[in-house]
Amino acid sequence: MTELKNDRFLRALQRQPVDRTPIWMMRQAGRYLPEYRTTRKQAGSFLDLCKNAELACEVTMQPLRRYPMDAAILFSDILTVPDALGLGLYFEEGEGPRFRKTVRSEEDLAALNSFRADDDLAYVMNAVRTIRGELNGQVPLIGFSGSPWTLATYMVEGGSSKDFARVKGMAYDKPELMHSLLSLLADAVADYLAAQVRAGAQALQIFDTWGGSLSAAGYREFSLAYMQRIIAALQADPETREVPVIVFTKGGGQWLPAIADCGAQAIGIDWTTDIALARSQVGDRVALQGNMDPSMLFASPARIREEVAAILAGFGQGSGHVFNLGHGITPGVNPDHVTAFVDAVQELSPQYHREA
């Protein structure tokens, strides 16, 4: 493989010295970019875009042509695994992802397809290989998956939900069924992430988008335990044990000490958590990723710069910080405001890395 020219992101995940704080954005390849919208139209549908390796590579590279990001992230969707399990993923205009089938009984669970990532999600691996080749060592490539709990929410609810009544009802009323589903998903996700590493991913992120919907006890039982199981499987595999893992639980700021013990190298935090408090809670056990409010990008460049300065000061001196938004970028953001955001991180962060 081509030697990596910029390893700042990977070094920060391992809390090694860097010259400045690395930066990338969740959903950095997306609708806020006019070139993305052009490619998406060319693809015909979102799923067709994900399944076309050349077009998935194109949209992955688009933000890197505009901005000096320190990492690329695979362009795909978090619901590829349940789709491969046979639930029939589709996208309803204005409503987000939907499934033609749901999992609400033991019979539904038994009817799921068997799963092998290299075969059933070969199009994702083709995209990883294509992107890695196109990057040519420019920056590292991040692979990802949804967490078992997050995938289960969509599989049980049939799509997005405001109250998670069905999936939480199953968890609390039929815990054995829920644990069976989560066990199946944990094994599938571990296989999926390992396949991405074999195809060329150099870091991994587990998106636990809906973990924050659970109670404290529910989070440990139904979400964190299964992410820990995935990480343990990756660390037991000689091919994947050296690849850093980021766990991002949206709404999980109150559980940071527990998350820090799950085996991941880094914790992603959303904008509702103060980064100084987060660092005081986890110490030097893990790196932290985040955490500017995505809506701050609607503010003026001067205000964006102020917020970047405040977050950098909050984290303080030393490595172990990857600058990011606290969630994915909002589609209506002006791309020029992203320029201001990235420039501010590049210009203001070196003072916090004097030892490098």
(request) In sequence, state the C-alpha distance, the side-chain angles, and the governing distance for Asp83 and Asp77, and then conclude on side-chain contact (heavy atoms from CB on, under 4.5 Å). (result) CA-CA 10 Å; Asp83 185 41; Asp77 191 79; over 6 Å; no

(message) side-chain contact (heavy atoms from CB on, under 4.5 Å), that's the test. Do Phe323 and Leu312 meet it? Break it down for me.
(response) CA-CA 8 Å; Phe323 215 112; Leu312 288 169; 3.8 Å; yes

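Contact annotation: the side chain of Thr273 never approaches that of Gln254 to less than 4.5 Å [non-hydrogen atoms, C-beta and beyond]. Inter-residue side-chain proximity for Arg11 and Ser319 is flagged as unmet; no heavy-atom pair is nearer than 4.5 Å. Using a 4.5 Å cut-off on side-chain heavy atoms (C-beta onward), Pro63 and Tyr32 make contact. Within the 4.5 Å cutoff, the side chain of Thr60 has no heavy atoms near those of the Thr130 side chain. No side-chain heavy atom of Val18 sits less than 4.5 Å from a side-chain heavy atom of Phe9. Between Met170 and Tyr172, every side-chain heavy-atom pair lies at or beyond the 4.5 Å cut-off. Side-chain contact between Cys57 and Glu134 is present, with heavy atoms from C-beta onward closer than 4.5 Å. Side-chain contact between Phe315 and Tyr352: absent, with no pair of heavy atoms (C-beta onward) separated by less than 4.5 Å.
The ring-ring contact (aromatic ring centres under 6.0 Å, His included) contacts involving residues 253-294 comprise Tyr219-Trp255, where partners must be two or more places apart or lie in separate chains. Residue pairs meeting the salt bridge (Lys or Arg N to Asp or Glu O under 4.0 Å) criterion with at least one member in residues 173-185, sequence neighbours excluded, do not occur. Contacts classified as salt bridge (Lys or Arg N to Asp or Glu O under 4.0 Å) and involving residues 242-271 (residues at least two apart or in different chains) are given here: Asp261-Arg285. Residue pairs meeting the salt bridge (Lys or Arg N to Asp or Glu O under 4.0 Å) criterion with at least one member in residues 33-57, sequence neighbours excluded: Glu35-Arg66. For residues 287-302, no pair satisfies salt bridge (Lys or Arg N to Asp or Glu O under 4.0 Å), with sequence neighbours left out. Applying the ring-ring contact (aromatic ring centres under 6.0 Å, His included) test to residues at least two apart or on different chains, none of the pairs has a partner in residues 102-141.
Remark: the backbone N or O of Tyr90 is not paired with any side-chain donor or acceptor of Arg98 at under 3.5 angstrom. A donor-acceptor pair is defined here as one N or O able to donate and one able to accept, closer than 3.5 Å; such a pair exists between the side chain of Lys5 and the backbone of Asn136. Between the Arg229 side chain and the Ala186 main chain, no donor and acceptor come within less than 3.5 Å of each other. Side-chain N or O atoms of Asp120 include one that pairs as donor or acceptor with a backbone N or O of Arg116 at under 3.5 Å. Panel note: side chain Thr330, backbone Val333; no donor-acceptor pair is recorded below 3.5 Å.
In this structure, Met292 CE and Ile23 CD1 are separated by 8.0 Å, a value rounded to the nearest 0.5 Å. With values rounded to the nearest 0.5 angstrom, Leu87 atom CG is found 5.5 Å from Leu112 atom CG. With rounding to the nearest 0.5 Å, the separation of CG in Leu121 from OG1 in Thr80 is 5.0 Å.
Heavy-atom minimum distance, Ala117 versus Asp191: N-OD2, 2.9 Å. The heavy-atom pair separating Leu13 from Ala287 by the smallest distance is O-CB, 3.7 Å.
Here Asp208 pairs with Ser147, Thr150, Ser223, Thr249 under the side chain to side chain donor-acceptor pair (under 3.5 Å) rule; sequence neighbours left out. Looking at residues two or more places apart in sequence or on another chain, you find no salt bridge (charged side-chain N to carboxylate O under 4.0 Å, His left out) involving Asp237. For Thr21, the side chain to side chain donor-acceptor pair (under 3.5 Å) partners at least two apart in sequence or on another chain are His353. Remark: Arg241 engages no residue in a salt bridge (charged side-chain N to carboxylate O under 4.0 Å, His left out) (not counting sequence neighbours). For Glu307, the side chain to side chain donor-acceptor pair (under 3.5 Å) partners two or more places apart in sequence, or in a different chain, are Arg303. Remark: Glu347 pairs with Arg305 by the side chain to side chain donor-acceptor pair (under 3.5 Å) rule, at least two apart or across chains.
The one candidate from Gln346, Arg20, Gln138 that meets the side chain to side chain donor-acceptor pair (under 3.5 Å) condition with Asp70 is Arg20. Of the candidates Val282, Val286, Ile267, Ile267 is the only one forming a side chain to side chain contact (heavy atoms under 4.5 Å, CB included) with Ile259. Each of Leu204, Ile142, Leu10 was scored for a side chain to side chain contact (heavy atoms under 4.5 Å, CB included) with Pro244, with one residue passing: Leu10.
Ring orientation note: the planes of Phe222 and His179 are close to parallel, at an angle under 30° on the 30°/60° scale.
Between Phe341 and Tyr67, the ring center distance fails the sub-6.0 Å criterion. When ring centroids are compared, Phe99 and Tyr154 stay outside the 6.0 Å threshold. Taking the six-membered ring for Trp and the full ring otherwise, the centers of Phe144 and Phe248 sit at least 6.0 Å from each other.
Side chains of Gln62 and Thr39: a donor on one and an acceptor on the other come within 3.5 Å.
Taking a 6.0 Å sphere around CD of Glu106, one finds it holds 12 or fewer heavy atoms contributed by other residues, nucleotides or ligands. The local environment of NZ in Lys162 is sparse, with at most 12 non-hydrogen atoms from other residues, nucleotides or ligands closer than 6.0 Å.
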